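Below, read A as the first sequence line, B as the second, and so on, with proteins coming before strands; counting in each chain starts at 1. Since the structure is predicted, the reported quantities are computational estimates derived from the model, not experimental observations.
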Amino acid sequence: MNIYDLIFYLFATITVLSALAVVSTKNIIYSAYNLMLTFFGVAGLYVLLGADFLAIVQLIVYVGGILILILFGVMLTNKVNGMPIHTEVTNIIPASITIGLFAGIVLAFFMNTNWKSVTTEFPATTIQSLGKLLMNEYILIFELLGVLLLIALIGAASIARKQ
Amino acid sequence: MLESYIPIMLVLGFAVVFAMAAVFSSKLFGPQRPNPEKLSTYESGVKPIGTTHERVSIKYYLIAMLFIIFDIEVIFVYPWAVEFRQLFAEFGISVFVSMFIFLVVFELGFLYAYKKGGFDWD
């Protein structure tokens with residue numbers, strides 16, 4: 001086990017534990033903050049896979065943006081005070097069977113797949129080549145992206161402000 | 001290539017250790033003699049009323065949405081800015097113009113949001 005594996009397991013542990021905390025904690029604010037840790041752990045895994053641009057996108061858009069929206073979503077809602085919330089329907093047996101089957105199928109595929117192990121050079125930063133591609137082959141797509149974002153912006157503004 | 005991330009890891013480690021130390025050292029070294037007056041939210045001040053879970057206005061949500069779209073725009077400027085010197089040497093002014101078109105098309109949306117009153121704080 002080298003240092004690379006050690007860092008991988010560190011980030012994997014952060015991701016899995018915080019994801020578990022997201023679904024298991026009762027306090028929705030704690031849930032949101034644990035989701036931040038999950039996003040952060042995934043960003044670390046992206047870095048370890050050599051996808052540095054994706055890691056930056058993950059950090060800036062998800063940790064910095066989407067999570068703010070989720071927190072605002074929590075803050076917009078009314079908290080129900082004084083009474084415990086239970087769901088009426090708890091189908092434990094069918095749920096266990098379904099999850100068990102699904103996990104079994106995934107595990108079976110995982111065990112039976114003939115994984116190719118390839119040793120590759122760790123890629124240099126991807127941002128430079130991405131910038132070159134965006135300005136050469138994908139320039140049209142890049143400009144169309146501006147139009148797409150414009151549509152999203154106009155949609156957001158016109159939904160939020162009806163006058 | 002991963003060696004270039006060592007400073008980031010160092011900053012992360014330092015931040016975690018410093019935050020832990022700042023929070024727990026007072027617990028570890030300081031004397032603890034709590035009384036109800038000390039444990040109240042404001043020891044000398046107006047007594048707080050209501051809960052901490054107040055509903056906030058939807059206006060914040062609109063600003064947050066506009067911010068996310070701006071965030072995505074900035075993300076796409078980033079690879080262009082990193083590679084700008086080489087691209088400018090190769091293609092000249094057109095590199096600048098293409099980014100300018102992207103930004104102008106995009107900012108039209110913010111102009112619309114502004115005209116629509118998306119930034120008003122009424």
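For A/Asn136, the part lying near chain B is the side chain, with the backbone staying farther off; criterion is any non-hydrogen pair under 4.5 Å. The contact between A/Leu134 and chain B is made entirely by side chain atoms (from C-beta outward), counting heavy-atom distances below 4.5 Å. Both the backbone and the side chain of A/Leu69 come within less than 4.5 Å of a heavy atom in chain B. Both the backbone and the side chain of A/Leu145 come within less than 4.5 Å of a heavy atom in chain B. Heavy-atom distances place no part of B/Leu103 under 4.5 Å from chain A, backbone and side chain included. Using a 4.5 Å cut-off between heavy atoms, B/Leu87 contacts chain A through its side chain alone, with no backbone atom that close. If you measure heavy-atom distances from A/Leu144 to chain B, you find no contacts under 4.5 Å at all. For A/Tyr62, no part lies under 4.5 angstrom from a heavy atom of chain B. The contact between B/Phe67 and chain A is made entirely by side chain atoms (from C-beta outward), counting heavy-atom distances below 4.5 Å. Looking at A/Leu133, neither its backbone nor its side chain comes within 4.5 Å of chain B, counting heavy atoms on both sides. Contact annotation for A/Leu76: both backbone and side-chain heavy atoms come within less than 4.5 Å of a heavy atom of chain B.
Crowding of A/Ile92 atom CD1: a count of heavy atoms from other residues, nucleotides or ligands under 6.0 Å not exceeding 12. Summarising the local packing, CZ of B/Phe91 is surrounded by more than 12 heavy atoms from other residues, nucleotides or ligands at distances under 6.0 Å. For A/Tyr33, the OH atom counts as loosely surrounded, since its 6.0 Å shell holds 12 or fewer non-hydrogen atoms of other residues, nucleotides or ligands. The 12-atom threshold is exceeded at CG of B/Leu28, counting heavy atoms of other residues, nucleotides or ligands nearer than 6.0 Å. Residue A/Ile28 qualifies as open at atom CD1: its count of foreign heavy atoms under 6.0 Å is 12 or below.
In this structure a side-chain-to-backbone donor-acceptor pair under 3.5 Å is missing from B/Glu83 to A/Lys132.
Contacts with chain A were tallied for B/Tyr114, B/Tyr112, B/Tyr78, B/Phe70; B/Tyr112 has the most, counting heavy-atom pairs under 4.5 Å. Of the listed residues (A/Ile29, A/Ile60, A/Asp52, A/Ile7), the one with the most heavy-atom contacts under 4.5 Å to chain B is A/Ile60.
Placement of A/Tyr46 and A/Leu67 in two distinct hydrophobic clusters is found when ILVMFWY residues are connected by side-chain heavy-atom separations under 4.5 Å, directly or transitively. Side-chain heavy atoms closer than 4.5 Å link hydrophobic residues (I, L, V, M, F, W, Y) into clusters, and following such links, possibly through other members, connects A/Leu45 to A/Tyr4. A/Leu20 and A/Val22 end up in different hydrophobic clusters when Ile, Leu, Val, Met, Phe, Trp and Tyr side chains are linked at under 4.5 Å. In terms of hydrophobic clustering, with Ile, Leu, Val, Met, Phe, Trp and Tyr side chains grouped at heavy-atom distances under 4.5 Å, B/Tyr5 and A/Ile127 are assigned to a common cluster. When hydrophobic clusters are built by joining Ile, Leu, Val, Met, Phe, Trp and Tyr residues whose side-chain heavy atoms come closer than 4.5 Å, directly or via intermediates, A/Ile56 is grouped together with B/Val74.
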(request) Output, in order, the C-alpha distance, side-chain angles, deciding distance and verdict of side-chain contact (heavy atoms from CB on, under 4.5 Å) for B/Phe106 and A/Leu150. (result) CA-CA 5 Å; B/Phe106 182 79; A/Leu150 173 72; 5.6 Å; no
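Counting all heavy atoms, side chain and backbone alike, B/Ala64 lies closest to A/Ile68 at CB-CG2, 4.3 Å.
The line from CG of A/Leu153 to NZ of B/Lys116 is 12.5 Å long, rounded to the nearest 0.5 Å. A/Leu149 CG to B/Ile72 CD1: the interatomic distance, rounded to the nearest 0.5 Å, is 6.0 Å. The distance from the CZ atom of A/Phe142 to the CZ atom of B/Phe102 is 4.5 Å, given to the nearest 0.5 Å. Atom CG of B/Leu111 is separated from atom CD1 of A/Ile154 by 10.0 Å, given to the nearest 0.5 angstrom.
A side-chain contact (heavy atoms from CB on, under 4.5 Å) with A/Met135 is found for exactly one of B/Phe88, B/Trp80, B/Phe84, namely B/Trp80.
Looking only at side-chain heavy atoms (C-beta outward), B/Pro79 and A/Gln128 stay at 4.5 Å or farther from each other.
Residues of residues 94-101 of chain B lying under 4.5 angstrom from chain A, judged on non-hydrogen atoms, are B/Val95, B/Ser98, B/Met99, B/Ile101 by number.
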